[in-house]
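Here is the structure we will look at.
Atoms considered below: every heavy atom in the structure, side chains included; atoms not considered: hydrogens, waters and symmetry mates. The chains referred to below are lettered A, B, ... by the order of the sequence lines, with proteins before strands, and numbering in each begins at 1.
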There are 2 protein chains.
Amino acid sequence: MGFAEVVNTKFSQPVPMPAEGIETVSDDLRALQQHPLFRAFDAVDFARVIRQARRVRLGHHQVLYRQDMPASHFYFVVSGCLRLYRLDASGIDRTLDSLAPGDCFAEVMIYADPARYACYAEALKQSEVLMIPVKAYRALLAENPDYAQHALRHYASRAVSRFHDLEIMTVQNARDRLIRYLVDLLPGGAREGGEVELPLPKCLVASRLAMQPETFSRILAELKASGLVRVNKSRLFIPNPTRLMTLSQ
Amino acid sequence: MGFAEVVNTKFSQPVPMPAEGIETVSDDLRALQQHPLFRAFDAVDFARVIRQARRVRLGHHQVLYRQDMPASHFYFVVSGCLRLYRLDASGIDRTLDSLAPGDCFAEVMIYADPARYACYAEALKQSEVLMIPVKAYRALLAENPDYAQHALRHYASRAVSRFHDLEIMTVQNARDRLIRYLVDLLPGGAREGGEVELPLPKCLVASRLAMQPETFSRILAELKASGLVRVNKSRLFIPNPTRLMTLSQ
DNA sequence: TGGCCTTTCTGATCCAGATCAAGTCGGTGT
DNA sequence: ACACCGACTTGATCTGGATCAGAAAGGCCA
């Protein structure tokens, strides 16, 4: 494979294709049915895809797939919390995204060619994901133009948010990157204050924002000191996002 | 609008919706017909979209659209060269992508909701673009499931490359970012050496890579000195990409 | 309950890269 | 040919953030 050896040894092996831990799909899939990629489906078609899906349980730090691995499935987060990251030659890992229950990921693999995962996916705690064969999904879309419209809409919104991520990363200043990241997490955007739960442990948020954990910690301390952010573990309260934004120049 | 005033005054006004400079669409659209978004179209449907498209000529530094402007068209580069960028409150502009003849851009607006441009688009020299109404394209796709499959494939490949861009930007080291950028420009990837034409003037490549022009210049000088890159204006010759990559650790 | 381990925080140092400031070079218009 | 202007380079300094090194604060297991 070529990078199996650079994987941090504390990580478990990736799940062997299907795998033990499989069980028949049951009912907490209401959330999946609400997802933009599935919302348009009628009950029959939904059942058809789900029948071919498999539920997988992942332990803390267990790797679901690796970058460059051939991709025949995409995923839906039933419970828990995962992250997407890449490893480079020097073994540095860089977090690219975080995933929460209700998210789909690697869905770009439905139409990617060549279909190889672009990164690693790792559970950050005990998690459960549904693995959905891309073929099954693709087959339904081919038959049903209306479904395809919905998928296109989803792909478009995903593209917009990735573009936005890219925009954040071109900000040179570490503090400004953090501020924009926090404001994006706010439910109401920059409009109104609110509480935010970091979707990743702080050290991984740091890696997501291309800075060191120490730098993250110091910037957060500084924001706390100036009263712009109230911190309680991984919950942050932001009373006035507008003032925060102006600080970011 | 709210940011008309931050636009650098040396830039011209954006094209007034349709505009003078319009002419009937002629024959150098062969290239468009080859584009993944149009390849599947039969002659009749292709003609149908094209009939509703308008050709626009842009002068040096002319802005085609602005960020947050309502988006009713997407674009195809007939000739010239453009860039996508954003402006923030402090007036700093950050280049997010470069465009060459044969590229489509803002095509995500076909399905985006709300349909507002996520950035500015500006011509870097005398250029010609085709503006294609998203409605026309969307209508065709709704009728034709096969076309939708192709569009999905295109969106997927676009998503993969944006993800890849994001990955480059999470590299902390300026030299490493530049090296990865250069290797990506190589036709053969890291496999074999070759010549590369920078798709943007050097100062904008710098902004694309979140570094200062001076830093870009110095790093390039350093690579030149160590024989890893031969520089001739905006053409770079990279004899041994593998060696270049290893230097990036 | 205590010890260990992981995560986070804080302090001290150092360096990559930003910033400031001239130069050089090539192109363009007069 | 000249002056001008923008794109690029080069040099000198300064600083934000990386790095190194501990210390504190929880969790978790025995």
Checklist entry - Does OP1 or OP2 of D:dG26 have a side-chain N or O of A:K202 closer than 4.0 Å? => result no

Checklist outcome for this item: Smallest heavy-atom separation, A:A123 atom then A:S127 atom, equals CB-OG, 3.9 Å

Item to check | Atom-pair distance (NZ on A:K224; P on C:dT8), nearest Å | outcome: 13 Å

Checklist entry - In whole angstroms, how far is the C1' atom of C:dT10 from the CZ atom of A:F216? => result 16 Å

Next on the checklist: If the test is side chain to side chain contact (heavy atoms under 4.5 Å, CB included), which one of A:E122, A:R208, A:R94 qualifies with A:Y85?
Outcome noted: A:E122

Checklist entry - Do B:Y117 and B:P70 have side chains that get closer than 4.5 Å, going by heavy atoms? => result no

Item to check | B:N173 vs D:dA18: side-chain N/O to OP1/OP2 distance below 4.0 Å | outcome: no

Item to check | Proximity to the side chain of A:K233 - top-ranked nucleotide from C:dT10, C:dA18, D:dG27 | outcome: D:dG27

Next on the checklist: I need the single residue from B:L178, B:V171, B:I179 that forms a side chain to side chain contact (heavy atoms under 4.5 Å, CB included) with B:R175. Which is it?
Outcome noted: B:I179

Checklist entry - So does B:R218 reach the base of D:dG11 with its side chain, donor to acceptor, closer than 3.5 Å? => result yes

Checklist entry - Which is it for B:D93 and B:R86 under the side chain to side chain contact (heavy atoms under 4.5 Å, CB included) test, yes or no, and what are the steps along the way? => result CA-CA 6 Å; B:D93 83 79; B:R86 285 188 58 106; over 6 Å; no

Checklist entry - Nearest-Å distance, CG (A:L220) to P (C:dT7)? => result 18 Å

Checklist entry - Is any side-chain N or O of B:T215 closer than 4.0 Å to OP1 or OP2 of C:dG17? => result no

Item to check | First encountered from the 5' end of DNA chain C, between A:C203 and A:Q172 | outcome: A:C203

Item to check | Of the listed nucleotides D:dA18, D:dC8, C:dT19, the one nearest the side chain of B:E214 | outcome: C:dT19

Checklist entry - Taking atom C1' of C:dT7 as reference, at what distance in whole Å does atom NE2 of A:H61 sit? => result 11 Å

Item to check | Length of the CG-P vector between B:L200 and D:dC8, whole Å | outcome: 10 Å

Checklist outcome for this item: When rounded to whole Å, the CD to P distance for the pair B:E222 and D:dT10 reads 12 Å

Next on the checklist: Rounding to an integer number of Å, can you tell me how far A:L124 CG sits from D:dG27 P?
Outcome noted: 17 Å

Item to check | Distance in angstrom units between B:L178 CG and C:dG17 P, rounded | outcome: 11 Å

